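Structure first, then comments.
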Number of protein chains: 2
Amino acid sequence: MNNNDWNKQRVLEVLRDAGVNPTSQRVEIGYALFSSCAHLSAEEIMQRVNADYPVVSKATVYNTLGLFAGHALVREVIVEPGKVFYDPNVSPHHHFYYVDSGDLVDIPASSLQIGTLPDLPPETEVEKVEVVIRLRQRATH
Amino acid sequence: MNNNDWNKQRVLEVLRDAGVNPTSQRVEIGYALFSSCAHLSAEEIMQRVNADYPVVSKATVYNTLGLFAGHALVREVIVEPGKVFYDPNVSPHHHFYYVDSGDLVDIPASSLQIGTLPDLPPETEVEKVEVVIRLRQRATH
DNA sequence: CTCGATGCAAACAATTTGCAGGAGC
DNA sequence: GCTCCTGCAAATTGTTTGCATCGAG
């Protein structure tokens, strides 16, 4: 199952299954997010949802994406100050970030093995491991 | 050499060696940054520099830290949207981020080996590899 | 005197908060 | 009718830009 053949009914079910009250705004935002195969910023999501006529405010986009993230429906990826991507792929994986173009590309978990993990401080547990490999165009000397 | 016995004269020399014109504002910011053994935000750096009386504006703090980063005098570590830490330790290493307290702690490069690295897309090179392990207090069931 | 470098006020952008209105009980 | 939930306007916070000023040649 993946990013094709999403429809709003299916988004509604996913939200309900996750314990999120599926209001119309949330379904719209979820549909924009899941039906896209890309990594979108909050700004881009709002533009897609509001493409025809105003449906949601920016505040609602942020609040909703935060809510989704709390229910593991989306993953936040931070690459630059003030630049957060929302990744509908929530399974463990990592990212290439193209500094020049601003594009973000998945790295399957299997392609990047972390060898030794450091000892954790007592009474703590890992919430998430973020690996971002920043790439730039090779300099032409 | 490390985070004790910094003085402004030494900061001045470091800046000059790095090719950065050592103006008084830059020396003050560099001194606040290097003499601290912590990971500071732009806000905190400004507070330290301006503790007694106004010395620099916030804009200058941002511009100067950006300049330092470009000359590899400081490393930017992004952990949350709108939360950048400036790390005076520029040698390769990684970070624990305590979600609950907002603290950032170094992981020596030797404690976290990355096993396989994925193939890079053609004509690109790695600028930086960012690994942030987000930790939370272990839930008490 | 000229011109590039510098610092900062003001503009801009990203995110959060507080509260008015609405849905369910 | 009361209460909790929801969405958004407005406020806040983080960052960048454009320009006046300074200092070196």
Side-chain angles (χ1 to χ4, degrees), chain A residues 11-12 15-16 18-33 39-50 53-71 73-87 97 99 102 104, chain B residues 11-12 15-16 18-33 39-50 53-71 73-87 97 99 102 104:
Chain A
V11 172
L12 192 149
L15 296 188
R16 196 153 40 208
V20 173
N21 191 2
T23 65
S24 67
Q25 286 89 340
R26 291 174 182 174
V27 171
E28 292 296 331
I29 290 169
Y31 180 70
L33 186 66
H39 299 87
L40 300 175
S41 67
E43 182 65 32
E44 289 165 335
I45 290 171
M46 193 177 80
Q47 282 173 11
R48 292 188 180 215
V49 173
N50 290 350
Y53 53 94
V55 175
V56 289
S57 73
K58 211 165 182 184
T60 298
V61 172
Y62 276 101
N63 291 341
T64 301
L65 290 170
L67 183 71
F68 285 6
H71 288 262
L73 291 168
V74 70
R75 173 169 168 178
E76 294 177 325
V77 183
I78 305 162
V79 287
E80 300 267 26
K83 192 147 186 61
V84 181
F85 284 104
Y86 291 89
D87 186 348
Y97 177 62
V99 176
L104 195 68
Chain B
V11 172
L12 192 148
L15 296 189
R16 196 153 39 207
V20 173
N21 192 1
T23 65
S24 67
Q25 286 90 339
R26 290 173 182 175
V27 170
E28 291 296 331
I29 292 170
Y31 180 69
L33 186 67
H39 299 88
L40 300 175
S41 66
E43 182 65 33
E44 289 165 336
I45 291 171
M46 194 176 80
Q47 283 173 10
R48 293 189 179 213
V49 174
N50 290 350
Y53 53 94
V55 175
V56 288
S57 72
K58 212 165 183 184
T60 298
V61 173
Y62 276 101
N63 290 341
T64 301
L65 289 170
L67 184 70
F68 285 7
H71 289 262
L73 291 168
V74 70
R75 172 169 167 178
E76 294 177 325
V77 184
I78 305 162
V79 287
E80 300 267 26
K83 192 146 186 61
V84 181
F85 284 103
Y86 291 89
D87 186 348
Y97 178 63
V99 176
L104 195 68

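All values reported here derive from a predicted model rather than from experimental measurement. These values consider heavy atoms only, across backbone and side chains, with no hydrogens, waters or symmetry-generated copies. Chain identifiers are assigned alphabetically (A, B, ...) following the order of the sequence lines, protein sequences preceding nucleic acid strands; residue numbering begins at 1 within each chain.
Using a 4.0 Å heavy-atom cutoff across all strands shown, Thr23(B) reaches sugar-phosphate atoms only and no base atom. The residue Val61(A) sits apart from the nucleic acid: no heavy atom pair falls under 4.0 Å. In this structure, Val20(A) reaches neither bases nor backbone, as no heavy-atom distance under 4.0 Å exists between it and the strands shown.
Residue Leu40(A) contributes atom CG, which lies 15 Å from atom P of dA14(C) at whole-angstrom precision. Rounded to whole angstrom, the span from the CD1 atom of Ile78(A) across to the C1' atom of dT15(D) amounts to 16 Å. Atom P of nucleotide dG24(C) and atom CG of Asn21(A) are separated by 9 Å, given to the nearest angstrom. If you take NZ of Lys83(A) and C1' of dT16(D), they are 15 Å apart, rounded to a whole angstrom. One can place CG of Asn63(A) at 17 Å from P of dT12(D), the figure rounded to the nearest angstrom. Atom pair Lys58(B):NZ and dC12(C):C1' shows a separation of 14 Å (rounding to whole Å applied). In this structure, Met46(B) places its CE atom 15 Å from P of dG7(C), rounding to the nearest Å. A straight line from CZ of Phe68(A) to C1' of dT6(D) spans 13 Å, rounded to a whole angstrom.
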Pairing annotation in dot-bracket form, given for DNA chain D with Watson-Crick or G-U pairs under 3.5 Å and | for cross-strand partners:
|||||||||||||||||||||||||

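Atom CG in Leu73(A) sits 11.0 Å away from atom CZ in Arg26(A) (nearest 0.5 Å). Considering NE2 of His39(A) and CD of Glu44(A), their distance stands at 11.5 Å, rounded to 0.5 Å.
Mapped onto DNA chain C by nearest heavy atom, Thr64(B) and Gly82(B) fall at different nucleotides, with Thr64(B) at the one closer to the 5' end.
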Exercise answer: donor-acceptor pairs, residues 58-67 of chain A side-chain atoms, under 3.5 Å, sequence neighbours excluded:
| residue | atom | partner | partner atom | Å |
| --- | --- | --- | --- | --- |
| Lys58(A) | NZ | Glu43(A) | OE1 | 2.8 |
| Thr60(A) | OG1 | Ser57(A) | OG | 3.3 |
| Asn63(A) | ND2 | Ala59(A) | O | 3.4 |
| Thr64(A) | OG1 | Thr60(A) | O | 2.7 |

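Candidate nucleotides dC8(C), dT16(D), dC8(D) were compared by shortest atom distance to the side chain of Ser57(A), and dC8(D) ranks first.
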